[in-house]
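Single-structure report; data block below.
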Amino acid sequence: METINQILQKAKQRAQANHLPYAGALTPEEAQHILASAPGARLVDVRSRAELELVGRVPHALHIEWAFYPGMVANPDFAAHLDKQVDHEALVMFLCRTGGRSHNAAVLANSMGYTEAYNVLEGFEGATDPQTGQRGNVNGWKAAGLPWTNS
């Protein structure tokens, strides 16, 4: 496996290539490797509480809802919760269902002064399977076989 520095360099190159305003974009496997290997790294799951309860969660991830179910109403306190729970010097990775809300969270974090904010590409469930119409088996955290739980 690559070193943490090699992984972060690739993530930063992805961000630069795609003109992303935050530090980098990680694959789920890369994010898990960093989470397991880098002391102080934080994974922030921005999905709704309903999504966590229905679909599953990553053990030891911090949970701050980007939007509330039902209706996906924006969480007006997201920035305040992030500021209170995650040190600005920490390497922080954001995860959602497919990578969209986590992208927005990483953009916000970067604007708040988090210089090591990363989006986890593909999210927890990933893309929809064109054959079944279901998520969770094409790509993403679950499809990669990374640690997760239903509880």
Side-chain angles (χ1 to χ4, degrees), residues 1-18 20-70 72-75 78-79 81-82 85-87 90-110 112 114-151:
M1 183 65 167
E2 296 173 302
T3 68
I4 291 173
N5 286 337
Q6 289 170 323
I7 290 170
L8 294 177
Q9 186 59 39
K10 283 173 60 175
K12 289 176 183 191
Q13 288 170 348
R14 284 185 202 111
Q16 290 171 349
N18 291 293
L20 302 174
Y22 42 83
L26 296 159
T27 67
E29 295 88 351
E30 291 168 342
Q32 170 58 26
H33 182 73
I34 290 169
L35 193 59
S37 306
R42 302 296 307 265
L43 178 65
V44 178
D45 193 327
V46 302
R47 295 177 295 150
S48 69
R49 186 171 316 283
E51 288 173 289
L52 270 63
E53 292 172 3
L54 293 171
V55 182
R57 66 186 75 221
V58 177
H60 311 295
L62 178 62
H63 179 236
I64 305 173
E65 291 177 280
W66 180 257
F68 301 113
Y69 179 86
M72 299 313 283
V73 176
N75 178 357
F78 182 87
H81 287 293
L82 181 64
Q85 296 178 57
V86 180
D87 188 295
L91 188 159
V92 59
M93 302 170 285
F94 295 94
L95 176 75
C96 68
R97 183 179 185 188
T98 61
R101 284 172 284 169
S102 54
H103 162 81
N104 293 336
V107 169
L108 177 63
N110 183 72
M112 293 171 61
Y114 289 87
T115 58
E116 290 297 312
Y118 295 82
N119 182 27
V120 179
L121 301 167
E122 304 168 7
F124 187 73
E125 292 184 84
T128 303
D129 184 328
Q131 302 291 328
T132 66
Q134 301 294 311
R135 294 185 188 276
N137 62 352
V138 173
N139 60 11
W141 192 279
K142 283 176 75 172
L146 301 173
W148 67 281
T149 180
N150 280 328
S151 56

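For this chain, numbers begin at 1 and follow the sequence in order.
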Item to complete: Apply side-chain contact (heavy atoms from CB on, under 4.5 Å) to Phe78 and Val46, showing your working.
Response: CA-CA 9 Å; Phe78 182 87; Val46 302; 3.7 Å; yes

- Task: Check the pair Met93, Val44 against side-chain contact (heavy atoms from CB on, under 4.5 Å), reporting the backbone distance first and the verdict last.
- Result: CA-CA 6 Å; Met93 302 170 285; Val44 178; over 6 Å; no

Original post:
When you look at Tyr22 and His103, which way does the ring pair (Phe, Tyr, Trp, His ring centres under 6.0 Å) test go after all the steps?
Top reply: CA-CA 9 Å; Tyr22 42 83; His103 162 81; 5.4 Å; yes

Open item on the list: Between His33 and Glu2, is the side-chain contact (heavy atoms from CB on, under 4.5 Å) condition met? List the steps.
Closed with: CA-CA 9 Å; His33 182 73; Glu2 296 173 302; over 6 Å; no

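When atom types are taken as modelled, the side chain of Trp141 and the backbone of Trp148 share no donor-acceptor pair closer than 3.5 angstrom. Glu65 places no side-chain N or O within donor-acceptor distance of the main-chain N or O of Asn75, the cut-off being under 3.5 Å. A donor-acceptor pair is defined here as one N or O able to donate and one able to accept, closer than 3.5 Å; no such pair exists between the side chain of Glu53 and the backbone of Ala50. Of the possible polar contacts, one joining the Tyr114 side chain to the Leu82 backbone as a donor-acceptor pair under 3.5 Å is found. Checked by atom type and distance alone, the side chain of Ser37 never pairs as donor or acceptor with a backbone atom of Ile34 at under 3.5 Å. Counting only distance, with no hydrogens or angles, the side chain of Asp129 and the backbone of Gln134 share no donor-acceptor pair below 3.5 Å.
When the salt bridge (charged side-chain N to carboxylate O under 4.0 Å, His left out) test is applied to Arg42, no partner is found at least two apart in sequence or on another chain. Shown here are the salt bridge (charged side-chain N to carboxylate O under 4.0 Å, His left out) partners of Lys12, two or more places apart in sequence or in another chain: Glu116. Qualifying side chain to side chain contact (heavy atoms under 4.5 Å, CB included) partners for Ala67, counting only residues two or more places apart in sequence or in other chains: Met72. Under the salt bridge (charged side-chain N to carboxylate O under 4.0 Å, His left out) criterion, Arg14 pairs with Glu30, not counting sequence neighbours. Under the ring pair (Phe, Tyr, Trp, His ring centres under 6.0 Å) criterion, His63 pairs with no residue, sequence neighbours left out. Every side chain to side chain contact (heavy atoms under 4.5 Å, CB included) that Ala144 has, sequence neighbours left out, goes to Glu29, Leu146.
For the pair Leu35/His60, no side-chain contact is recorded, criterion being any heavy-atom separation below 4.5 Å from C-beta on. Annotation: side chain of Asn137 is not in contact with side chain of Lys142 (no heavy-atom distance under 4.5 Å). Within the 4.5 Å cutoff, the side chain of Thr27 has no heavy atoms near those of the Ile7 side chain. Side-chain contact between Leu43 and Val92: absent, with no pair of heavy atoms (C-beta onward) separated by less than 4.5 Å.
Between Gln13 atom CD and Asn18 atom CG the span is 12.0 Å, to the nearest 0.5 Å. The CG atom of Asn119 sits 11.5 Å away from atom CZ of Arg101, with the distance rounded to the nearest 0.5 Å. The distance from atom CD1 of Ile64 to atom CG of Asp45, rounded to the nearest 0.5 Å, is 10.0 Å. Within the model, atoms CD of Gln32 and CG of Leu26 stand 12.0 Å from one another, a figure rounded to the nearest 0.5 Å. In this structure, the separation between CG on Leu95 and CG on Leu62 is 12.0 Å, given to the nearest 0.5 Å. For the atom pair Cys96 SG and Asn104 CG, the distance stands at 8.5 Å (nearest 0.5 Å).
Note on Glu122 versus Arg97: no salt bridge recorded, every NZ/NE/NH1/NH2 to OD/OE distance being 4.0 Å or above. For Arg57 and Glu51, the salt-bridge test fails: no basic side-chain N is under 4.0 Å from an acidic carboxylate O.
By the 6.0 Å contact criterion, OH on Tyr69 is open, its count of non-hydrogen atoms from other residues, nucleotides or ligands being 12 or less.
A pairwise comparison of heavy atoms in Gly140 and Pro28 identifies C-CG, 3.8 Å as the closest pair. Residues Ala31 and Val120 share a closest heavy-atom pair of CB-CG2, 3.8 Å. When all heavy atoms of Gly24 and Ala15 are compared, the closest pair comes out as CA-CB, 3.6 Å. A pairwise comparison of heavy atoms in Ala79 and Leu108 identifies CB-CD2, 4.1 Å as the closest pair. Shortest non-hydrogen contact noted between Ala117 and Phe94 is CB-CE1, 4.2 Å.
Geometrically, Arg47 engages Phe124 in a cation-pi contact defined by less than 6.0 Å to the ring centre and at most 45° from the axis.
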